[in-house]
Amino acid sequence: MTTTHPSYARIWHTVLQIPLGKVASYGQIADLAGLPGRARLVGKALGYAPPELAVPWHRVLRSDCSLAFPAGSAMALRQRELLQSEGVLLNNNRVRKNDLWQPDLMELLFKLKY
DNA sequence: GTGATGACGGTTT
DNA sequence: TAAACCGCCATCA
């Protein structure tokens with residue numbers, strides 16, 4: 001395809017790594033995808049994400065755990081519905097910090113705990 | 001080539 | 001706690 005942006009595939013692949021029932025921030029996805037500081041690119045990539053990949057775009061939100069869409073928006077309502085179907089409870093337009101995906105920190109916390 | 005925009009982030013009021 | 005401000009980078013007029 002003419003609009004083949006290499007970084008986008010990277011971003012999609014990273015978003016696909018988010019476990020079910022967990023959420024990640026745009027900045028975190030950008031960082032894991034090897035694109036620090038390009039959080040906006042993640043949003044762009046999600047907009048270009050083909051449905052064949054089934055990218056869980058709804059598991060990606062802002063760094064403050066709020067949805068990237070204005071409350072009441074059609075997309076925001078859809079995202080809220082998808083998250084709740086996965087067990088992620090939302091308070092207005094925000095999710096619980098407990099539902100954040102923390103790959104490295106989770107293992108670190110496990111080691112510190114024991 | 002310049003300026004404006006955006007599914008963002010972090011800091012400051 | 002919420003809102004405003006600035007910075008960042010790719011895309012578009």
Under 4.0 angstrom between A:R38 side-chain N/O and C:dT11 OP1 or OP2: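 So the side chain of A:R38 is outside the cut-off, no N or O lying under 4.0 Å from OP1 or OP2 of C:dT11.
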Test item: A:S25 and A:W101 side chains (from C-beta on) under 4.5 Å apart, heavy atoms: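 Not touching, per the 4.5 Å side-chain cut-off.
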Exercise: do A:H58 and A:E81 side chains pair donor with acceptor under 3.5 Å: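 No pair is found: no donor N or O on one side chain lies under 3.5 Å from an acceptor on the other.
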Which part of the nucleic acid does [X] contact within heavy-atom distance under 4.0 Å: base, sugar-phosphate only, or nothing?
X     : value
A:L46 : base
A:R78 : nothing
A:G27 : sugar-phosphate

A:N91 atom CG, neighbour heavy-atom count above 12 within 6.0 Å: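 Atom CG in A:N91 is not packed in, count stays at 12 or less.
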Atom pair NZ (A:K97) and SG (A:C65), whose distance is rounded to the nearest 0.5 Å: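 A:K97 NZ to A:C65 SG: 4.0 Å, rounded to 0.5 Å.
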Distance (rounded to the nearest 0.5 Å) between A:Y48 OH and A:L41 CG: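 Going from OH on A:Y48 over to CG on A:L41, the span is 11.0 Å.
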Opening and closing nucleotides of DNA chain B in contact with chain A, under 4.0 Å to non-hydrogen atoms: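 Extent of the interface on DNA chain B: B:dG6 to B:dG10.
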Euclidean distance, atom [atom1] of residue [X] to atom [atom2] of [N] [Å, nearest integer]:
X     : N      : atom1 : atom2 : result
A:Y26 : C:dA10 : OH    : P     : 18 Å
A:D64 : C:dA4  : CG    : P     : 15 Å
A:Y8  : C:dA10 : OH    : P     : 10 Å

Parallel, tilted or perpendicular: rings of A:F69 and A:W57 (30°, 60°):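 If you compare the ring of A:W57 with that of A:F69, the planes turn out perpendicular.
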5'-most by nearest nucleotide on DNA chain C - A:R40 or A:K44: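 Looking at the nearest nucleotide for each, A:R40 comes out on the 5' side.
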A:L67-A:V60 co-clustered via ILVMFWY side chain contacts under 4.5 Å: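 No, A:L67 and A:V60 fall in different hydrophobic clusters.
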ILVMFWY cluster, A:L89 and A:V23 together (side-chain gap under 4.5 Å):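 Different clusters: A:L89 never reaches A:V23 through Ile, Leu, Val, Met, Phe, Trp or Tyr contacts under 4.5 Å.
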A:E86 bridged to A:K22 by N-O distance under 4.0 Å: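 Result for this pair is no, no salt bridge flagged.
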For DNA chain B, the residues among residues 50-62 of chain A that have a non-hydrogen atom under 4.0 Å from it: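 Listed by number, they are A:W57, A:R62.
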